[in-house]
Amino acid sequence: MKHAVTFDLYKTDDRTRARRGCLHTPHGDIQTPVFMPVGTQGTVKAMKPEDVKTLGKEGAHIILGNTYHLYLRPGHELVKKAGGLHKFMNWDRAILTDSGGFQVFSLGKLRKITEEGVRFSSYIDGSKHMFTPEKSIEIQNALGSDIMMAFDECAPYPADWRYVKDSLELTTRWLARCKAAHHDWERQSLFGIMQGGTYKDLRYESAMQVVEMDLPGYSIGGLSVGEPKEIMYDVMDDCVELLPKEKPRYLMGVGSPDCLFEGVERGIDMFDCVLPTRLARHGTALTSHGEVKIKNAKYAEDFEPLDSECDCYTCRHYSRAYLRHLFRENEMLSAMLLSEHNLHFLVSTMEKIRKSIEEDRFPEYKREFFAKYGEF
RNA sequence: GUGGGUGUCGUCAAGCGGUUAAGACCCUGGGUUGUGGCUCCAGUAUACGAGAGUUCGAAUCUCUCCACCCACC
């Protein structure tokens, strides 16, 4: 079967498991490792698509959309009528859609999980809905994303072994149903998601079952849900080992600068995270010298840019004092400028990571980065 | 000048004889990882206009003074 999305692995670092590769999609190539900005509701919050294309040197080449949100509003049928999500939101590069599985987890109270799927109440109006693997694929087909994610159950942390085992096995059965429900593989690819919580044996079981499905990419789910970072790193180590080298590996929901480096070092190719845009809206900037909480009083008369080493639009034109003023006044421009900066920071950090891998100096670059950024 | 009203944290504002004197805003700090939320959490302030009295006990009652507001001369 010919896949919409294929992966070329260019190189693996000699000293770490870091990889340098490229994802080919119907909407362009994506150099990896990559950070994917999240645009849940068909928009990267506070950003115009044309500005998302200017992040870093080349701009973001792929963003996320969300099945759950777009299904509830404006409705996947409407998006389909509009010509698909790309056209609807004026984004001609690649899109990956999350399946709705995570929302089922994060909007916990309002749901009931069965073999068939998940019954849940809309966070908007409380109306009752049912998601099944087939429904998730139907919605993602209508949205027309390049990469669709399997409908999974993300177990909470902590969760006991038995729960996680049943959950991962259900996720595998759902994955088989997702695969069966999808037809146009040349237009859209489906990535499988492994679960298994923090249990090594369950991660193994999940990986075996998911990889057996022979999909164009695999992701590691169920991490960054509240577990300590050391545990997350350990689980990542285990997971990456279990995934085939020739397929892209996607670590879902992870995106703080430290986790990005740790993930790349362990062989992760793709990341996504709401963190940069959420932090931006809440007044925190990510800079080469660590986090800058722009609302802090010490920036009231600081007329320097957020990050003296940053060449983003925000840093080229605005001072910390001005950004603080905008934030305190709750001006929209505050979210716009900080979001653009934070995304630029992560996207360009990833560009530098890719370059360092190409030049065999990823470990040195990592050390250099943290020497400035500070410890965690 | 006469009559009336009001004075409680930086601001607004509860309380009207026994409270650790609410709360909100502001301010200060923190959180945020497959995005419901211009959000959530926490913290600081000896604030009862001044003085004298009544009372076991006063922000609460009385008197004097001060300040401000509104009417009328």
Side-chain angles (χ1 to χ4, degrees), chain A residues 35-47 62-70 72-73 95-110 120-126 136 140 145 147-155 157 171 191-195 217-229 232-233 236 250-260 262-263 268 270-286 291 293-300 324 326-336 338-339 342-343 346 376:
Chain A
F35 174 77
M36 308 181 284
V38 177
T40 301
Q41 319 234 37
T43 164
V44 176
K45 290 185 193 295
M47 295 283 291
I62 179 170
I63 60 174
L64 264 70
N66 198 292
T67 297
Y68 175 85
H69 301 268
L70 295 171
L72 287 178
R73 275 183 185 165
I95 295 176
L96 178 152
T97 41
D98 195 10
S99 64
F102 187 77
Q103 281 60 49
V104 164
F105 156 78
S106 63
L107 301 168
K109 303 111 266 180
L110 319 165
F120 62 93
S121 297
S122 161
Y123 76 91
I124 297 169
D125 59 7
S136 178
Q140 295 186 78
S145 53
I147 299 174
M148 305 185 296
M149 296 310 300
F151 186 65
D152 65 333
E153 189 205 346
C154 179
Y157 175 87
T171 289
F191 277 23
I193 304 174
M194 63 180 289
Q195 292 290 345
Y218 300 102
S219 73
I220 299 170
L223 287 184
S224 198
V225 290
E227 75 284 1
K229 279 185 180 170
M232 178 170 82
Y233 296 150
M236 276 164 57
Y250 166 25
L251 178 58
M252 306 186 81
V254 168
S256 60
D258 54 333
C259 293
L260 252 34
E262 296 299 330
I268 302 292
M270 305 162 68
F271 302 85
D272 80 279
C273 196
V274 304
L275 199 61
T277 42
R278 179 181 291 161
L279 285 179
R281 277 176 281 116
H282 294 176
T284 297
L286 300 167
E291 292 187 354
K293 295 178 198 304
I294 202 62
K295 62 182 163 182
N296 286 178
K298 63 183 172 184
Y299 300 121
R324 178 171 190 268
L326 290 181
F327 182 80
R328 286 158 59 88
E329 291 310 312
N330 213 350
E331 283 292 338
M332 288 181 278
L333 188 57
S334 167
M336 293 164 64
L338 287 174
S339 293
N342 280 354
L343 286 173
L346 289 191
F376 293 88

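Each chain gets a letter, A, B and so on, in the order its sequence line appears, and its residues count up from 1.
Atom CE in A:M36 sits roughly 11 Å away from atom P in B:U35 (whole-Å rounding). Regarding A:Y68, its OH atom lies at a distance of 13 Å from the C1' atom of B:G37, rounded to whole Å. The distance between atom CG of A:L64 and atom P of B:U35, rounded to the nearest whole Å, is 7 Å. If you take NZ of A:K293 and C1' of B:U39, they are 14 Å apart, rounded to a whole angstrom. Distance CG (A:L72) to P (B:U35): 13 Å, rounded to an integer number of Å. Atom CD in A:Q41 sits roughly 7 Å away from atom P in B:G37 (whole-Å rounding). One can place CG of A:L346 at 15 Å from C1' of B:U35, the figure rounded to the nearest angstrom. Here B:U28 presents its C1' atom at 10 Å from CZ of A:R328, a figure rounded to the nearest Å.
The base of B:G30 is paired with the side chain of A:K295 by a donor and an acceptor separated by under 3.5 Å. Judged by atom type and distance alone, A:N66 does not reach the base of B:G34 through any side-chain donor-acceptor pair under 3.5 Å.
The partner of B:U6, taking Watson-Crick or G-U wobble pairs whose two distances both stay under 3.5 Å, is B:A67. Applying the Watson-Crick and G-U wobble criteria (two distances, each under 3.5 Å), B:G29 pairs with B:C41. Nucleotide B:G36: unpaired (no Watson-Crick or G-U wobble partner with both distances less than 3.5 Å). In this entry B:C61 has B:G53 as its Watson-Crick or G-U wobble partner, both defining distances falling under 3.5 Å.
Within the 4.0 angstrom heavy-atom criterion, no nucleotide atom of any strand lies near A:G100. Using a 4.0 Å heavy-atom criterion, one finds that A:D272 contacts the sugar-phosphate atoms exclusively. Counting any heavy atom pair closer than 4.0 Å across all strands shown, A:L251 reaches no nucleic acid atom. A:Q195 comes within 4.0 angstrom of a base, heavy atoms only. In this structure, A:D152 reaches the bases: a heavy-atom distance under 4.0 Å links it to at least one base atom across the strands shown. Here A:A297 lies in heavy-atom contact (under 4.0 Å) with sugar-phosphate atoms only.
Side-chain polar atoms of A:Q140 and A:T97 form a donor-acceptor pair below 3.5 angstrom.
Between A:R324 and B:U28 there is a side-chain polar atom (N or O) within less than 4.0 angstrom of OP1 or OP2. For the OP1/OP2 pair of B:U28 and a distance below 4.0 Å, the side-chain nitrogens and oxygens of A:K298 include no atom meeting the criterion.
Across the C1' atoms, B:C73 and B:A13 are found 36 Å apart, a figure rounded to whole Å. Taking atom C1' in both B:C9 and B:C48, one finds a spacing of 10 Å when rounded to whole Å. One P atom belongs to B:C38, the other to B:A22, and the distance between them is 32 Å to the nearest Å. Comparing the same atom, C1', in B:G7 and in B:C12 gives a spacing of 14 Å after rounding to whole Å. Taking the C1' atoms as reference points, B:C66 lies 10 Å from B:G51, given to the whole Å. Rounded to a whole angstrom, the distance from the P atom of B:G57 to that of B:U44 is 32 Å. When the P atom is used for both B:A59 and B:C16, the distance is 14 Å, rounded to whole Å. Comparing B:C26 with B:C68, their P atoms are spaced 31 Å from each other, to the whole Å.
The side chain of A:T40 lies closest to B:U35 when the candidates are B:G34, B:U35, B:G29. If you check B:G29, B:G34, B:U35 against the side chain of A:I193, the one that comes closest is B:G34.
Taking OH of A:Y123 as the reference point, atom CG of A:L72 lies at 6.5 Å (rounded to 0.5 Å). A:R73 contributes atom CZ, which lies 4.0 Å from atom CD1 of A:I124 (distance to the nearest 0.5 angstrom).
Side-chain contact between A:Y250 and A:I193: absent, with no pair of heavy atoms (C-beta onward) separated by less than 4.5 Å.
Of the residues in residues 274-284 of chain A, A:V274, A:L275, A:T277, A:R278, A:L279, A:R281, A:H282, A:T284 come within less than 4.0 Å of RNA chain B through at least one heavy atom, sorted by number.
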Between side-chain atoms of residues 274-282 of chain A and protein atoms elsewhere (two or more places apart, or another chain), which donor-acceptor pairs fall under 3.5 Å?
| from | atom 1 | to | atom 2 | distance (Å) |
| --- | --- | --- | --- | --- |
| A:T277 | OG1 | A:V274 | O | 3.0 |
| A:R281 | NE | A:T277 | O | 3.4 |

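Ranked by how close their nearest RNA chain B nucleotide is to the 5' end, A:A155 and A:N330 are led by A:A155.
For the residue pair A:G192 and A:A150, the shortest heavy atom distance occurs at CA-CB, 4.3 Å. Closest approach of A:L260 to A:G255, counting heavy atoms only: CD1-CA, 3.5 Å. Of all heavy-atom pairs spanning A:S99 and A:S136, the tightest one is O-OG, 2.9 Å.
A:L64 pairs in a side chain to side chain contact (heavy atoms under 4.5 Å, CB included) with only one of the listed residues (A:T40, A:I147, A:V38), which is A:V38.
When the side chain to side chain donor-acceptor pair (under 3.5 Å) test is applied to A:D98, no partner is found at least two apart in sequence or on another chain.
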